[in-house]
Amino acid sequence: MLRTVIAAAIATAGLSGAAIAQDETLRVGMSGGYFPFTFVQQDELQGFEVDVMNAVGEEAGLDIAFETMSFSGLIGALQAGRIDTIANQITITPEREEAFAFTQPYVIDGAQVVTREGNDEIEGVEDLRGATVAVNLGSNFEQLLRDLPYSDEIDIRTYESNIEQDTALGRVDAFVMDRVSSAQVIRESPLPLELAGQPFSEIRNALPFPDTEEGRATRDRVDEALTALKADGTLSEISQNWFDSDITTSAAATE
């Protein structure tokens with residue numbers, strides 16, 4: 001499994017997408033706190049996203065420089081030109097498509113409700129009326145909940161951390177996360193949590209780039225690498241290493 005971490009970081013905020021063509025470095029933003037996609041263990045940045053981006057870099061001939069920051073600050077960093085893209089399970093939405101140039105989806109998943117064990121009142125998304133539900137700050141799951149026809153009956157709260165702990169301790173009734181991450185969190189956590197029902201919305205995650213001439217050119221280069229990695233089975237292999245399933249295809253999101 002690829003676990004190599006390229007520690008280089010570019011601090012200058014004024015670099016444009018044109019700099020990528022000059023020094024062949026792609027600055028990739030991620031939170032480093034979203035297990036198992038991007039996380040730090042024994043001072044090493046690792047996870048599915050890290051392996052994917054290292055594979056993209058090798059295929060496209062780009063050096064990958066990871067820069068970690070809070071999830072809620074990633075979009076702003078991309079807009080300000082401090083990073084070139086985000087690898088942190090960024091869901092494609094109509095609003096984001098207006099602002100960024102996306103690659104093809106490389107993860108297809110579904111939104112999942114999670115509760116503490118023994119919560120018989122919530123058995124799926126249809127039972128969230130009257131519930132207090134946590135989502136990660138800056139994620140697309142808040143909007144997914146607000147799009148529900150009974151969203152005005154849900155108390156939606158945003159978290160930077162402790163989302164699983166507060167659910168397990170009963171401080172909130174449930175949280176919503178992608179299906180794959182939810183299953184991994186439950187598997188790894190000592191806290192008593194369980195899945196509630198089936199995924200209720202398909203989500204497609206991709207890499208966003210600035211919607212400029214330079215940004216689109218870099219997007220095309222990375223997208224070509226993703227196509228090759230899908231074709232030769234590399235993406236599937238990385239997914240199997242982390243999840244024991246292929247989350248890069250639609251079938252994985254509906255199992």
Side-chain angles (χ1 to χ4, degrees), residues 1-34 36-41 43-71 73-92 96-97 99-107 204-239 241-242 247-248:
M1 180 192 305
L2 293 171
R3 292 291 180 90
T4 304
V5 174
I6 300 174
I10 299 175
T12 304
L15 291 177
S16 70
I20 296 172
Q22 296 170 4
D23 63 19
E24 300 296 290
T25 297
L26 184 71
R27 300 165 300 168
V28 180
M30 55 177 55
S31 68
Y34 193 28
F37 291 97
T38 163
F39 63 100
V40 177
Q41 189 171 68
D43 297 324
E44 181 183 3
L45 182 64
Q46 54 186 285
F48 171 82
E49 297 280 17
V50 175
D51 288 357
V52 168
M53 293 312 302
N54 281 329
V56 165
E58 184 175 352
E59 179 68 31
L62 293 167
D63 291 328
I64 305 298
F66 294 112
E67 300 193 20
T68 60
M69 62 194 74
S70 66
F71 180 82
L74 287 169
I75 294 293
L78 181 59
Q79 292 172 324
R82 296 195 297 272
I83 55 177
D84 301 307
T85 191
I86 303 169
N88 208 111
Q89 295 301 282
I90 301 300
T91 301
I92 300 173
R96 288 173 179 168
E97 284 187 300
F100 303 107
F102 277 92
T103 64
Q104 62 189 281
Y106 64 101
V107 168
R204 293 172 176 261
N205 300 321
L207 301 170
F209 289 83
D211 193 13
T212 62
E213 182 178 353
E214 295 83 3
R216 290 190 295 272
T218 306
R219 184 274 312 274
D220 292 345
R221 184 171 175 179
V222 170
D223 198 63
E224 184 177 344
L226 286 172
T227 297
L229 294 170
K230 284 184 178 180
D232 68 14
T234 299
L235 284 188
S236 178
E237 180 181 353
I238 293 172
S239 179
N241 285 338
W242 283 104
I247 67 170
T248 67

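The model shown is predicted, which means the values in this text are computed figures rather than measured ones. Just so you know, these numbers use all the heavy atoms, side chains as well, and skip hydrogens, waters and symmetry mates. For the single chain, residues carry numbers from 1 onward in sequence order.
- With respect to Ile238, the side-chain contact (heavy atoms from CB on, under 4.5 Å) criterion is satisfied by exactly one of Val52, Asn54, Thr248, Val50: Val52.
- The number of heavy atoms from other shown groups lying within 6.0 Å of CD (Gln104) is above 12.
- Annotation: the span from Leu226 atom CG to Thr103 atom OG1 amounts to 5.0 Å, rounded to 0.5 Å.
- Atom-to-atom distance recorded for Leu229:CG and Glu224:CD is 10.5 Å, nearest 0.5 angstrom.
- Side-chain contact between Leu45 and Met30 is present, with at least one heavy-atom pair separated by less than 4.5 Å.
- At least one side-chain heavy atom of Ile75 sits less than 4.5 Å from a side-chain heavy atom of Phe100.
- Across all their heavy atoms, Val107 and Gln89 have their closest contact at CG1-OE1, 3.3 Å.
- Remark: side-chain polar atoms of Arg219 are paired, donor with acceptor, to backbone N or O of Phe102 under 3.5 angstrom.
- The closest side-chain heavy-atom distance from Thr38 to Phe66 is not below 4.5 Å.
- Arg221 places a side-chain N or O within donor-acceptor distance of the main-chain N or O of Ala60, the cut-off being under 3.5 Å.
- When side chains are defined from C-beta on, Asn205 does not count as touching Ile90, because their heavy atoms never get closer than 4.5 Å.
- The CG atom of Asp223 lies 12.0 Å from the OG1 atom of Thr218; values are rounded to the nearest 0.5 Å.
- Contact check for Phe48 versus Pro36: no side-chain heavy atoms found under the 4.5 Å cut-off.
- By the ring pair (Phe, Tyr, Trp, His ring centres under 6.0 Å) test, Tyr34 is found to be paired with Phe37, residues two or more places apart in sequence or in another chain being considered.
- Within the 4.5 Å cutoff, the side chain of Ile92 has heavy atoms near those of the Glu97 side chain.
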For a side chain to side chain contact (heavy atoms under 4.5 Å, CB included) check, start with the C-alpha distance between Glu59 and Thr234, then their side-chain angles and the critical distance, and finish with the verdict. CA-CA 10 Å; Glu59 179 68 31; Thr234 299; over 6 Å; no
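- Between the side chain of Arg27 and the main chain of Glu67, no donor-acceptor pair closer than 3.5 Å is present.
- Looking at heavy atoms from C-beta onward, Tyr106 lies in side-chain contact with Glu49 at the 4.5 angstrom threshold.
- Shown here for Arg216 and Ala101, the closest heavy-atom pair between the two residues is CG-CB, 3.9 Å.
- Between Phe209 and Leu26, some side-chain heavy-atom pair lies under the 4.5 Å cut-off.
- With hydrogens and angles left out, the side-chain atoms of Ser31 and Asn88 include a donor and acceptor closer than 3.5 Å.
- With values rounded to the nearest 0.5 angstrom, Asp84 atom CG is found 11.5 Å from Leu207 atom CG.
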